[in-house]
Undergrad: 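Take a look at the following structure, please.
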Amino acid sequence: MKNNAMAIGVRTRIIYSALAIMTIILSTGENTMAQTKSTAVVKNIVLVHGGLVDGSGWKDVYKILKKDGYTVSIVQEPTIALPDDVAVTKRVIDGQNGPVILVGHSYGGVVITEAGNDPKVAGLVYVTAFAPDKGESAAALIKSAPPGAPAPPILPPQDGYIFLDKAKFPAFFAADVNPDVASFMADSQVPWGVEALGGAITQPAWRTKPSWFLITTEDKMIPPDAQRAMSKRAGSTVVEVKSSHAVYVSHPQAVAQIIEEAARGALVATKEGATNAAAD
């Protein structure tokens, strides 16, 4: 009897020890998963504006992202020539401490398609933007617009730069923006270089990086169907918003939301892509 009692006592201690070890392992696993989840969020956001405007239009998107704990940088590219715009953008990327979500509006989509090949870039976000393939430019994509799409009121080039007709700017570029703000945007247009407009992509980053695409259904600058075709070709995660081309001004919350979605999903998508590539 005494031997049986001792045996039972030993087994009991072994069981309790095993349970304690399992508890520690499970607790450690949960902590590791929580830490992995928190560190999987990309905290650096780089915003790239399009043609005819400057980076100040990102102000409200910037404020939302900053409030949510992101480090946000805004590129003020000159929009004179694509290689220069890419170089300016890459300098901002190089200054970031860690991985980056690269965001482009309109022509800014061309810039991020080339600059996004930088190894620090974890994901791309196209905000009603051009997402060209190798050899394509903004000019080529404008010319290949779907039949029946409204033609942007682009004036004849002046000394190698283009502008929109000021009187038509609000209706085509910023129809759902406060009229006073839209009028100011029309009067403060930044010259857009014909050379930048014709700048062709050498290596599209969306072929190797995960991408997100915000499509604006009321856009009269880049037709919604053209946006859908580009986003489908790029394999982007798509969100559609009823808005004008200036969605980053009129709907900053929607723009910030898709950027934050990319920030949460880019590293996971990259890891999954690498795993799938290794399996192939």
Side-chain angles (χ1 to χ4, degrees), residues 48-53 57-58 61 79 82 85 103-114 116 124-157 162-177 182 185-186 189-190 192-194 196-201 204-207 211-252 254-255 257-259:
V48 182
H49 66 78
L52 306 170
V53 295
W58 288 112
V61 173
T79 65
L82 179 60
D85 295 335
V103 184
H105 170 258
S106 195
Y107 164 72
V110 181
V111 178
I112 72 169
T113 297
E114 190 74 32
L124 309 166
V125 179
Y126 292 90
V127 179
T128 184
F130 295 108
D133 203 348
K134 183 176 181 179
E136 292 181 341
S137 64
L141 292 170
I142 290 172
K143 288 179 181 177
S144 61
I154 300 173
L155 298 173
I162 64 168
F163 298 87
L164 291 189
D165 184 325
K166 288 184 180 181
K168 297 179 180 179
F169 184 104
F172 276 79
F173 197 102
D176 57 350
V177 173
M185 292 171 70
Q189 290 181 64
V190 178
W192 188 4
V194 172
L197 193 66
I201 294 298
W206 50 258
R207 288 199 173 275
S211 63
W212 285 256
F213 205 115
L214 189 150
I215 295 170
T216 48
T217 61
E218 307 299 311
D219 201 318
K220 294 183 179 179
M221 293 295 295
I222 304 178
D225 284 344
Q227 295 179 51
R228 293 184 183 104
M230 288 185 287
S231 63
K232 183 178 180 180
R233 179 175 66 178
S236 305
T237 298
V238 174
V239 173
E240 294 200 6
V241 176
K242 185 178 181 180
S243 177
S244 72
H245 193 60
V247 63
Y248 62 108
V249 179
S250 59
H251 294 85
V255 175
Q257 186 173 335
I258 192 171
I259 293 171

Undergrad: Please work out whether the ring planes of H245 and H105 are parallel, tilted or perpendicular, with thresholds of 30° and 60°.
TA: tilted

Undergrad: Any side-chain to backbone donor/acceptor pair from Q189 onto L164? Under 3.5 Å, distance only.
TA: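 Confirmed, Q189 side chain pairs with L164 backbone.
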
Undergrad: Taking all non-hydrogen atoms of both residues, which atom of V110 and which atom of G199 are closest, and how far apart?
TA: CG1-O, 4.3 Å

Undergrad: Would you say that V247 contacts V249 through its side chain, given a criterion of any heavy-atom pair below 4.5 Å between the two side chains?
TA: no

Undergrad: Just do the side chain to side chain contact (heavy atoms under 4.5 Å, CB included) check on V190 and T79 with the steps written out, would you?
TA: CA-CA 8 Å; V190 178; T79 65; 4.2 Å; yes

Undergrad: Please report the interatomic distance CG(D225) to CD(Q227), rounded to the nearest 0.5 Å.
TA: 9.5 Å

Undergrad: Report the C-alpha separation of V239 and Q257 in whole Å, then their side-chain angles, then the decisive distance to 0.1 Å, and conclude whether the side chain to side chain contact (heavy atoms under 4.5 Å, CB included) test is met.
TA: CA-CA 10 Å; V239 173; Q257 186 173 335; over 6 Å; no

Undergrad: Taking atom OG1 of T128 and atom CG of D219, what is their separation to the nearest 0.5 Å?
TA: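 Nearest 0.5 Å value for the OG1-CG distance: 3.5 Å.
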
Undergrad: I need the minimum non-hydrogen distance between A254 and L214, along with the two atoms involved.
TA: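 For A254 and L214, the tightest heavy-atom pair comes out as O-CD1, 3.8 Å.
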
Undergrad: If you take all heavy atoms of A129 and G109, which pair is closest and at what distance?
TA: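 In this case the closest contact between A129 and G109 is CB-CA, 3.8 Å.
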
Undergrad: Could you verify whether a donor N or O on one side chain and an acceptor N or O on the other, from S236 and S231, lie under 3.5 Å apart?
TA: no

Undergrad: Please report the C-alpha distance between V241 and V255 in whole Å, then the side-chain angles of each, then the deciding distance to 0.1 Å, and finally whether the side chain to side chain contact (heavy atoms under 4.5 Å, CB included) criterion is met.
TA: CA-CA 9 Å; V241 176; V255 175; over 6 Å; no

Undergrad: Work out which heavy atom in S243 is nearest to a heavy atom in D176; give both atom names and the distance.
TA: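 Smallest interatomic distance, heavy atoms only, reads OG-OD2, 2.9 Å.
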
Undergrad: Return the set of residues passing ring-ring contact (aromatic ring centres under 6.0 Å, His included) with F213 (not counting sequence neighbours), or none when no residue passes.
TA: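 Here the qualifying residues are Y126.
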
Undergrad: What's the shortest heavy-atom distance between F172 and A151, and which atoms?
TA: CE2-O, 3.4 Å

Undergrad: First locate atom NZ of K220, then atom NZ of K168, and finally report the distance between them rounded to the nearest 0.5 Å.
TA: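 Going from the NZ atom of K220 to the NZ atom of K168 covers 11.5 Å.
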
Undergrad: Say you draw a straight line from CH2 of W212 to CD1 of I258; how long is it, rounded to the nearest 0.5 Å?
TA: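 Here the rounded value is 9.0 Å.
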
Undergrad: Salt bridge between D133 and R207, side-chain N to carboxylate O under 4.0 Å?
TA: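 A salt bridge is present here (some side-chain N lies under 4.0 Å from a carboxylate O).
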
Undergrad: Only one of I162, L52, D165 passes side-chain contact (heavy atoms from CB on, under 4.5 Å) with I154; say which it is.
TA: I162

Undergrad: With distance as the sole test, does W206 use its side chain to make a donor-acceptor pair with the main-chain N or O of P132 at under 3.5 Å?
TA: yes

Undergrad: Side-chain contact, heavy-atom cut-off 4.5 Å: V53 with Y248?
TA: yes

Undergrad: Is there a side-chain contact between S244 and F173 (heavy atoms, below 4.5 Å)?
TA: no

Undergrad: Mind checking the CD1-OG spacing from I222 to S106? Nearest 0.5 Å is all I need.
TA: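 Separation between the atoms: 4.0 Å.
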
Undergrad: Give, for atom CD of E240 and atom CD of E218, the distance between the pair rounded to the nearest 0.5 Å.
TA: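 With rounding to 0.5 Å, CD (E240) is 10.5 Å from CD (E218).
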
Undergrad: Taking 4.0 angstrom as the limit, do E136 and R233 come out as a salt bridge?
TA: yes

Undergrad: Take V127 and V103 through the test side chain to side chain contact (heavy atoms under 4.5 Å, CB included) and record every step on the way to the result.
TA: CA-CA 7 Å; V127 179; V103 184; 3.8 Å; yes

Undergrad: Checking ring-ring contact (aromatic ring centres under 6.0 Å, His included) for the pair F163/W192: CA distance, chi angles, key distance, verdict?
TA: CA-CA 7 Å; F163 298 87; W192 188 4; over 10 Å; no

Undergrad: I need the full list of ring-ring contact (aromatic ring centres under 6.0 Å, His included) pairs touching residues 131-155, with sequence neighbours left out, sorted by first then second residue.
TA: none

Undergrad: Please find the pair of heavy atoms, one from V238 and one from I215, that lie closest to each other, and give the distance.
TA: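 Where V238 meets I215 most closely, the heavy atoms are CG1-CD1, 3.5 Å.
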
